[in-house]
Amino acid sequence: MALLYVVFIMLLISCEAKLQLRKDINITALFAFGDSIVDQGNNNNLITHAKCNFLPYGKDFMGGNKPTGRFSNARTPADMLVEDFGIKKLMPAYLDSNLKVEDLKTGVSFASGASGFDLLTPIVASALPLSVQLALFQQYIWKMNGFIGEEATKNIVKKSLYIVVAGSDDLCNTYFMLKFPRKIQYNVDSYTNLMVDGASNFINDLYNMGARRIWIFGLPPIGCLPSQILRGGGPPKICVDEYNQAAQIANTKLSNKIYSLNKKLPQIELLYINIYDPLLDIIVNHNKYGFEDALSACCQGGNVYLLCDNITRICENDANYLFWDSYHLTERGYRVLLDQISN
């Protein structure tokens, strides 16, 4: 795959980075931060509704019926990326009590389902804020100093790839669903400024801890998530324009901020990854990608959080569905999306 050999290049005209091939780049460790898209099970022992360490989650994972806390029917983008880079088969959660030193050396996920760039987002959901995720990364560094020495640890930190996936929960849950106090305090323009400020602060903190290669994933067309279509109150299977426009505003500002930080921070290789357009294309042209349904959830949650539970009705063939639950893609959906991004 194209993702195996990557160099990060900013295109000055569009202010958006593109992936280019270069065979001398060798990624040997990958770390993930953010929300449920790359939460590999860190929320399992938290007192939060944003958890999924039970069936039907994981029903197709590694032979079937193995719920691990991944918000999908099987693997997540973090798992796919570490495999694409030839690092290992699966990305573990940092809070997994079974981790070994070899697992730590090649990267872990610090992400927490329902977290975001706005501090209020994880507080309301009882998830791990990005600041706590960074504190766990600092703890990781201290641990590795003891296991393999400071020089070897510093080398891992500097040469690793860091992926950050956040922002959707800020708009979907904190702004549009919760409404108080954010929607009273801010309009979309000022709230997306708050989000981007949070992203910028996080990037600077991660950079100051030694990270240099950082991918920031933009927001998807959140108005097309099954949960947001339902909450938007419009016709079934019609994306909510207001929500999608907010995501586009946030993405434009985030892309511009990343362009600015690339010029400001020495030796940083910071990449903004546009997932909005590729995912929207898959939704609109889903038949071309082999999906029968791109706006309904295979696993339709009946609770207020619209996540699956053990009495949830499940579709007959999840490979025909882009969405697994009301927020997250199926494993096949993630695979098709990553392939679109890397081509």
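On a predicted model such as this, the values are computed, not experimentally measured, just so you know.
- Not counting sequence neighbours, Phe147 has no partner by the ring pair (Phe, Tyr, Trp, His ring centres under 6.0 Å) test.
- For Gln228, the side chain to side chain donor-acceptor pair (under 3.5 Å) test picks out no residue, with sequence neighbours left out.
- Qualifying disulfide (SG to SG under 2.5 Å) partners for Cys52, counting only residues two or more places apart in sequence or in other chains: none.
- If you check the side chains of Asn43 and Ser112, you find a donor sitting under 3.5 Å from an acceptor.
- Placement of Met195 and Tyr276 in two distinct hydrophobic clusters is found when ILVMFWY residues are connected by side-chain heavy-atom separations under 4.5 Å, directly or transitively.
- Within the structure, the salt bridge (Lys or Arg N to Asp or Glu O under 4.0 Å) test picks out the following pairs touching residues 98-120 (sequence neighbours left out): Glu102-Lys105, Asp118-Arg182.
- Ser36 is linked by a side chain to side chain donor-acceptor pair (under 3.5 Å) to His328, counting only residues two or more places apart in sequence or in another chain.
- Shown here for Phe54 and Asp309, the closest heavy-atom pair between the two residues is CE1-CA, 4.0 Å.
- Every residue meeting the ring pair (Phe, Tyr, Trp, His ring centres under 6.0 Å) condition with Phe31, not counting sequence neighbours, appears here in chain and number order: Phe137, Tyr140, Tyr162.
- Annotation: side-chain contact (heavy atoms from CB on, under 4.5 Å) contacts of Thr153 (sequence neighbours excluded): Ile141, Met144, Asn145, Ile148, Val157.
- With respect to the salt-bridge test (charged N to carboxylate O, under 4.0 angstrom), the residues Lys253 and Asp197 do not qualify.
- Residues satisfying the side chain to side chain donor-acceptor pair (under 3.5 Å) criterion with Lys89, sequence neighbours excluded, are Glu83.
- Scored by the ring pair (Phe, Tyr, Trp, His ring centres under 6.0 Å) test, Phe202 finds Phe33 as partners (sequence neighbours excluded).
- Take Asn45 and apply the side-chain contact (heavy atoms from CB on, under 4.5 Å) test, not counting sequence neighbours, and it matches no residue.
- Cys224 pairs by the disulfide (SG to SG under 2.5 Å) definition with Cys239, not counting sequence neighbours.
- Residues forming a ring pair (Phe, Tyr, Trp, His ring centres under 6.0 Å) with Phe61 (at least two apart in sequence, or on another chain): none.
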